[in-house]
Engineer: 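Sharing a structure below in structure tokens format, with a few things to ask.
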Amino acid sequence: MLVYNTLTRKKEEFKPINPPNVTMYVCGPTVYDYFHIGNARSFIMADIIRRHLIFKEYNVTFVMNLTDIDDKIINKSIEEKIDSSKVSQKYVASFFEDIEKLKIKKADVYPKATEHMDEIISLIKNLEEKKLAYNSDGNLFFRVKEFKNYGLLSGKNTDDLELGSRVEVNEQKENPLDFSLWKKAKAGEPYWDSPWGKGRPGWHTECSAMSVKHLGKTIDIHAGGNDLIFPHHENEIAQSEGCFESKFVNYWMHFGFLNFQDEKMSKSLGNFFTARDILKKYSAEAIRLFFCQTHYSGPLAFSEELIASSEKGLEKISNFVEFINSKSSYGESEGVECSFDFDFFLSRFVTAMDDDFNTPQAVAAIFNFIKSANKYAVENPKLNSDFFVKAGEFIQKTAGDVLGIADFKQTNKIDQTLSHDLVNLLIEIRQKAKVEKNYSLADEIRDKLNSFGISLKDSKEGTTFKIS
RNA sequence: GGCGACGUGGCCAAGUGGCUAAGGCGAAGGUCUGCAAAACCUUUAUUCAUCGGUUCGAAUCCGAUCGUCGCCUCCA
């Protein structure tokens, strides 16, 4: 398996520290608002990477942090005149609702910053003892100049950064590049007690502290959006490696942005759609397929038309699932032996995913499979059920388990409900009407069913239906 | 100013030195059907922003030009 590593700017052979175990940490949301569809891209692609590692029989421990204390949360609590913990609770709850709707597997742990104050404080204390951090009137800062590898991940050198005009000027800092580890509480702000007085952790500190606590000093994969490379991940490396004196992360993975109208979708620009709003119009599977059709690392332009076209593409998969479903349960056990080469298509899919999670190629492998399997079934009308069972397994493994854009098992269950028997009964009655050339009755049955969202489809082998 | 990504058919998007340049949407034709809808099948880039260069051979490597975007401040 090859994985592109931001740190080395190359694709590298993936070698976990402790195979078959893999430790994976993904930067989660700051819970001050609903997350937008651009955030969803990162969460979904991280989910797919994890699912593929599981498919490859790795034992993955997946951690996603929830930043539940920070300036934006405090601002929101002031705006809405409620306690900051109420703000974070509300958006933690909505976060879980949304990721469930997006068919994202739950992480093994969702550590919260506010529940790891001891770990955060001891990390900062350690840095202070090593002179990598200094206290400036109750605020703790990291001394960037003392950390040799600073800038390695983002490809920046400290001299260039100093020349940049955008570096924040803060009288309390020895150097404008130094970043905040602990913020002294202002009047009215939430606070935790520390050796330096009342305050709260800086943004970066929590990830270092929680990653080591739940996954260990050195982890296999740390992932997040492109915009986290600098300064967030750069600062995490400085803190963690400064504190523990061992390598923090072996593979750094970063997701490209979702753009809208030629600009990065972001809260601050206001050009965003929340994931929950998009979910009102489009299925989770269509959203996931839309993201899979572009490689995770590149930019992706968002528009409703594009999601709509993915929704259409998805129909090709769900039609195929329905087709094999209708055959696998009733299929003949004594038909023609199948000679279809399932392994060829499965290996194309796996090869694509093994090459730095190339989901566009993996999706192409699925569509190629469907096209060939359809053709094969047309050319070999008396196939035994073996073919359809294997086709179902193929879809379940690839589109189901790994990409999360189809669920063969679930559809299969629905097939066996009473409502299906009832619809089939109506189809039988309609068939009799058709034989008697009573087309007005036949059409009436079809139209009525259609008005309930059940569309009938006549073909040579009989009538099938689809519930929308 | 520093660093980085990108420019492939009507739209989206893989491919990064050599078989016929994946796949999806759209479009056109066909099969099926009492009609219809759906489904399925077939077709749809001698060409990869432009101009040079390297090479037996380049969308793929090198250089220049044009254009787009991102990071350097909170951001997935």
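Each chain gets a letter, A, B and so on, in the order its sequence line appears, and its residues count up from 1.
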Engineer: What is the nucleic acid contact for A:Asp262, judged by heavy atoms within less than 4.0 Å: base, sugar-phosphate only, or nothing?
Structural biologist: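 Here A:Asp262 touches the backbone only, sparing every base.
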Engineer: Tabulate atom names and distances for all N/O pairs under 3.5 angstrom spanning the protein and nucleotides 4-13 of chain B.
Structural biologist:
| residue | atom | partner | partner atom | Å |
| --- | --- | --- | --- | --- |
| B:A13 | O2' | A:Gln293 | O | 3.2 |

Engineer: Please work out whether the ring planes of A:Phe320 and A:Phe323 are parallel, tilted or perpendicular, with thresholds of 30° and 60°.
Structural biologist: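 Rings of A:Phe320 and A:Phe323: tilted, as their planes differ by 30° to 60°.
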Engineer: Given B:A76, B:G70, B:C25, identify the nucleotide with an atom nearest to the side chain of A:Glu263.
Structural biologist: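 That would be B:G70.
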Engineer: Does A:Phe43 or A:Phe367 map to a spot on RNA chain B nearer the 5' end, using the closest nucleotide for each?
Structural biologist: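 Here A:Phe367 is the residue nearer the 5' end.
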Engineer: Who pairs with A:Asp227 by side chain to side chain contact (heavy atoms under 4.5 Å, CB included), at least two apart in sequence or on another chain?
Structural biologist: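 Expected list: A:Phe257, A:Lys264.
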Engineer: By side-chain hydrogen bond (donor to acceptor under 3.5 Å, both in side chains), which residues pair with A:Thr8, not counting sequence neighbours?
Structural biologist: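 Expected list: A:Glu12.
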Engineer: Holding to side-chain hydrogen bond (donor to acceptor under 3.5 Å, both in side chains), I want the full list of residues that pass it with A:Lys101, two or more places apart in sequence or in another chain.
Structural biologist: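 Once residues adjacent in sequence are excluded, A:Lys101 has no partner under the side-chain hydrogen bond (donor to acceptor under 3.5 Å, both in side chains) criterion.
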Engineer: Going by atom type alone, with no hydrogens or angles, which donor-acceptor pairs under 3.5 Å involve a side-chain atom of residues 149-156 of chain A and a protein atom two or more places apart or on another chain?
Structural biologist:
| residue | atom | partner | partner atom | Å |
| --- | --- | --- | --- | --- |
| A:Tyr150 | OH | A:Asn235 | OD1 | 2.5 |
| A:Ser154 | OG | A:Glu234 | OE1 | 2.5 |

Engineer: Nearest-nucleotide wise, let me know which of A:Ala365 and A:Asn226 is further upstream toward the 5' end of RNA chain B.
Structural biologist: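 Its nearest nucleotide being more 5', the pick is A:Ala365.
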Engineer: Can you classify the ring geometry of A:Phe260 versus A:Phe273 as parallel (below 30°), tilted (30 to 60°) or perpendicular (above 60°)?
Structural biologist: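 Ring orientation, 0 to 90° scale: perpendicular.
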Engineer: Quick one: salt bridge (Lys or Arg N to Asp or Glu O under 4.0 Å) partners of A:Glu97, sequence neighbours excluded?
Structural biologist: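 A:Glu97: salt bridge (Lys or Arg N to Asp or Glu O under 4.0 Å) contacts with A:Arg276.
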Engineer: Would you classify A:Ser309 as touching base, sugar-phosphate or nothing, given that sugar-phosphate means primed atoms plus P, OP1 and OP2, and contacts are heavy atoms under 4.0 Å?
Structural biologist: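 The residue A:Ser309 makes sugar-phosphate contact but no base contact.
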Engineer: Contact class for A:Met265 vs. all strands (heavy atom < 4.0 Å): base, sugar-phosphate, or nothing?
Structural biologist: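 Result for A:Met265 = base.
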Engineer: Salt bridge check: are A:Asp108 and A:Arg50 linked by an N-O gap of less than 4.0 Å?
Structural biologist: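 Yes, A:Asp108 and A:Arg50 are salt-bridged.
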Engineer: For the CD1 atom of A:Ile74 and the CD1 atom of A:Ile69, what is their distance to the nearest 0.5 Å?
Structural biologist: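 Separation between the atoms: 4.5 Å.
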Engineer: Under 3.5 Å, is there a donor-acceptor pair between the side chain of A:Thr205 and the main chain of A:Leu181?
Structural biologist: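 Yes.
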Engineer: Can you give me the dot-bracket string for RNA chain B, 5' to 3', counting Watson-Crick and G-U wobble pairs with both distances under 3.5 Å, using [ ] for crossing pairs and | for partners on another strand?
Structural biologist: ((((((((.[[[..)..(....]]]((((((.......))))))....[[[[[..)....]]]]])))))))....
Engineer: Quick one: label A:Ile366 by what it contacts on the DNA or RNA (base, sugar-phosphate, nothing), any heavy atom closer than 4.0 Å.
Structural biologist: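 Since no nucleic acid heavy atom lies under 4.0 Å of A:Ile366, the category is nothing.
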Engineer: Walk along nucleotides 28-39 of chain B from 5' to 3' and tag each nucleotide B, S or - by protein heavy-atom contact under 4.0 Å, base first, then sugar-phosphate.
Structural biologist: ----S-BBBBBS
Engineer: Do A:His222 and A:Tyr251 have their ring centres less than 6.0 Å from each other?
Structural biologist: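 Centroid separation for A:His222 and A:Tyr251: 6.0 Å or greater.
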Engineer: In whole Å, what separates the C1' atom of B:U54 from that of B:C62?
Structural biologist: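 7 Å, rounded to whole Å.
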Engineer: Please work out which residues in residues 351-358 of chain A have a non-hydrogen atom less than 4.0 Å from an atom of RNA chain B and list them by number.
Structural biologist: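 Output list: A:Asn358.
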Engineer: Just checking A:Gly224: base, sugar-phosphate only, or nothing, at a heavy-atom cut-off of under 4.0 Å?
Structural biologist: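 Sugar-phosphate, backbone atoms only, no base.
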Engineer: List in chain and number order the residues that pass side chain to side chain contact (heavy atoms under 4.5 Å, CB included) with A:Ala284, two or more places apart in sequence or in another chain; answer none if no residue qualifies.
Structural biologist: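 For A:Ala284, the residues satisfying side chain to side chain contact (heavy atoms under 4.5 Å, CB included) (neighbours in sequence not counted) are A:Lys103, A:Leu279.
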Engineer: If the condition is side-chain hydrogen bond (donor to acceptor under 3.5 Å, both in side chains), which residues does A:Tyr282 pass it with, not counting sequence neighbours?
Structural biologist: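 Per chain and number, A:Tyr282 pairs via side-chain hydrogen bond (donor to acceptor under 3.5 Å, both in side chains) with A:Glu304.
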Engineer: In whole angstrom, give me the gap between the P atoms of B:A45 and B:C3.
Structural biologist: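 Comparing P positions in B:A45 and B:C3 gives a spacing of 42 Å.
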Engineer: Taking the P atom in each of B:G9 and B:U46, what is the distance between them to the nearest angstrom?
Structural biologist: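 It works out to 11 Å between them.
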Engineer: So, is A:Asn368 close to the B:G23 phosphate, meaning a side-chain N or O under 4.0 Å from OP1 or OP2?
Structural biologist: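 So the side chain of A:Asn368 is within the cut-off, an N or O lying under 4.0 Å from OP1 or OP2 of B:G23.
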Engineer: Which residues pass the side-chain hydrogen bond (donor to acceptor under 3.5 Å, both in side chains) test with A:Thr67, not counting sequence neighbours?
Structural biologist: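 Counting only residues at least two positions away or on another chain, A:Thr67 forms a side-chain hydrogen bond (donor to acceptor under 3.5 Å, both in side chains) with A:Asn65, A:Glu206.
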